[in-house]
Amino acid sequence: MSYLVDKLPYDPQNPEAIYSYAKKLEGSKFRDACSWVISEESTGYGGNKGHLGQYLEKNYFLYELNSDQNPDFKEAGVELKVTPLKKLKNGHLGSKERIVLNIINYMEVVKEDWNTSSFLHKNSLLLLIFYLFESDKDRLDYLIKFVTLWEYCSVDLEIIRQDWERIVAKIRDGHAHELSEGDSLYLGACTKGITSASSLRDQPHSTIKAKQRAFCLKQKYVNYIISSTIAAEMPTKGIQNTLDVEPFIKDISELKGARSFEEIILDRLSIYSGQTVDEIHELVGGELNNDAKGYYASLALRMLGLKKSKIEEFEKGNVDVKIIRLNQNATPKESMSFPYFKYKEIVEEKWDNSTLLNTIDKKFFFVIYQEDEFGILWFKKGMFWTIPSDDLKKVERVWKETVSRIISGRAADLPRISDSEVCHVRPHARNKEDTCETPDGQQLIKKSFWLNAKYLNEQVANYN
DNA sequence: GCATGATCATGC
DNA sequence: GCATGATCATGC
């Protein structure tokens, strides 16, 4: 790397020294943090999206940008990421987005192995600079809230290794065009750059072109970084508290060997397969209230050996737990609902960034119970599920049709279950009076997208 | 039996 | 008070 001054105000070979220097940014606006270093006209700030990182590199850390295989601070092995926070509904601060790491070179990554991977080389030690995003402000007026030097704990790094292996295996199998963030737990493969045909990339072992993707830390994982490191350091600064979670993996040794995190979960559950809910309750239910709505979800957590209400790995990996009840013919009784949408908001969205895409294109954990001919309920299995990319395209069609009908004043007549084999739209409200306004000013009952019961049936039946 | 509409119960 | 996950109810 080349420096912009003769003598840097920090030692670029020492991670702790870089961290200490970066730490002084806390509480400053970007503009103020750098004004004493370099004159206004040479700030290199063009007002473009995503350039705040480059701005700090040039004007605060005083070195020239590079985008090679090496970490930003090459000698220290430190990669710099400048990343936004947003105010959550509960008033706390959380991550605004995932952290995007290096771009996946499909042709090259398949030749790598984990220990010598370009990913690990570049992203083992992250200098994270969190600032508060505020849509109404000039970017240089954003406030830098806090800085941390992030290194993965051993269990997380092992899960990230498994994620990496799974992503690379899919590319080796010629399925780079079917990658999804839901394939993996903490480390995702997110789309990067424009998604038009011109940005499609070649992949090995298939002639189908694939969207450009990058490794990323999922948004939920970034929230975990925030709550675990920074809340402890600065409990009074409005950072969300540590979640009420419990890790499923208690010790790294459980993850060694050939089994993945998912396989370990499924194995643990499999010993209860075929037992009735009452029998399982005897074994692990304790004081659980079997009238409660969340009873079947709670029971599943007990089968997994957990006492608290949330699995830490699921929280960090954005895994959504859903209960599916089958009738005696092993068919799901009900379609599966997602949160309702607001008519006036959904029409402003683009599919690639839509709430529905974020809600559905992720990893699910289905806990499946089945009824017998006497109406007795028994536990069948657990199952991880991510929507296949072809089916996601069908969801996209339904979503676009929904938006176009709302725009043209037909919000009362949205896609029905017979219009798509994957999903449909129907009411999702507390009662008839629970309405929301359409763009043309009507009050209509709240509605949401649902996965068709029949479609769920196929997905559950085809799963091994 | 299924599509569709409607609402319950919990928890934040 | 409301969002959310889950399930009930009706009628074709």
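As the structure is a computational prediction, the values presented were derived from the model and not from experiment. Below, chains carry the letters A, B, ... as their sequence lines are ordered, and counting in each starts from 1. FYI, side chains are in, hydrogens and waters are out, and symmetry mates aren't considered; it's all heavy atoms of this structure.
Remark: A:Lys363 fails to qualify as a cation-pi partner of A:Tyr186 under the 6.0 Å distance and 45° angle criteria applied to the six-membered ring.
A:Phe449 has its CZ atom 19 Å from the P atom of C:dA6, to the nearest Å. Rounded to an integer number of Å, the gap from A:Ile445 CD1 to B:dT7 C1' is 9 Å. Note: CD (A:Glu334) to P (C:dA6) measures 11 Å, nearest angstrom. One can place CZ of A:Arg426 at 16 Å from P of C:dT10, the figure rounded to the nearest angstrom. Separating the CG atom of A:Leu326 from the C1' atom of C:dA6 is a distance of 15 Å, rounded to the nearest angstrom. Separating the CG atom of A:Asn327 from the C1' atom of C:dT7 is a distance of 14 Å, rounded to the nearest angstrom. For A:Ile323 and B:dT10, the CD1 to C1' distance is 14 Å, given to the nearest whole Å. Between the CD atom of A:Glu433 and the P atom of B:dC8 there is a distance of 11 Å, rounded to whole Å.
If you check every strand for non-hydrogen atoms under 4.0 Å, A:Ser448 touches nothing. Residue contacts shown for A:Lys333 are absent, as no nucleic acid heavy atom lies under 4.0 Å away.
Between the A:Lys394 side chain and the A:Cys423 main chain, no donor and acceptor come within less than 3.5 Å of each other. No donor-acceptor distance shorter than 3.5 angstrom exists from the side chain of A:Glu178 to the backbone of A:Pro388, with no hydrogens or angles considered.
OP1 or OP2 of C:dT7 lies within a sub-4.0 Å distance of a side-chain N or O belonging to A:Arg325.
Checked by atom type, the side-chain pair A:Thr276/A:Asp278 shows no donor-acceptor distance below 3.5 Å.
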Provide a list of protein-nucleic acid N or O atom pairs under 3.5 angstrom, restricted to nucleotides 2-4 of chain C.
| from | atom 1 | to | atom 2 | distance (Å) |
| --- | --- | --- | --- | --- |
| C:dA3 | OP1 | A:Tyr340 | OH | 2.7 |
| C:dA3 | OP2 | A:Lys446 | NZ | 2.7 |

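Residue-environment remark: NZ (A:Lys250) exceeds the threshold of 12 foreign heavy atoms within 6.0 Å.
By the side-chain contact (heavy atoms from CB on, under 4.5 Å) test, A:Ile445 is found to be paired with A:Pro427, A:Ala429, A:Lys447, residues two or more places apart in sequence or in another chain being considered.
The existence of a salt bridge linking A:Glu401 and A:Arg405 is confirmed by a sub-4.0 Å separation between a basic side-chain nitrogen and an acidic carboxylate oxygen.
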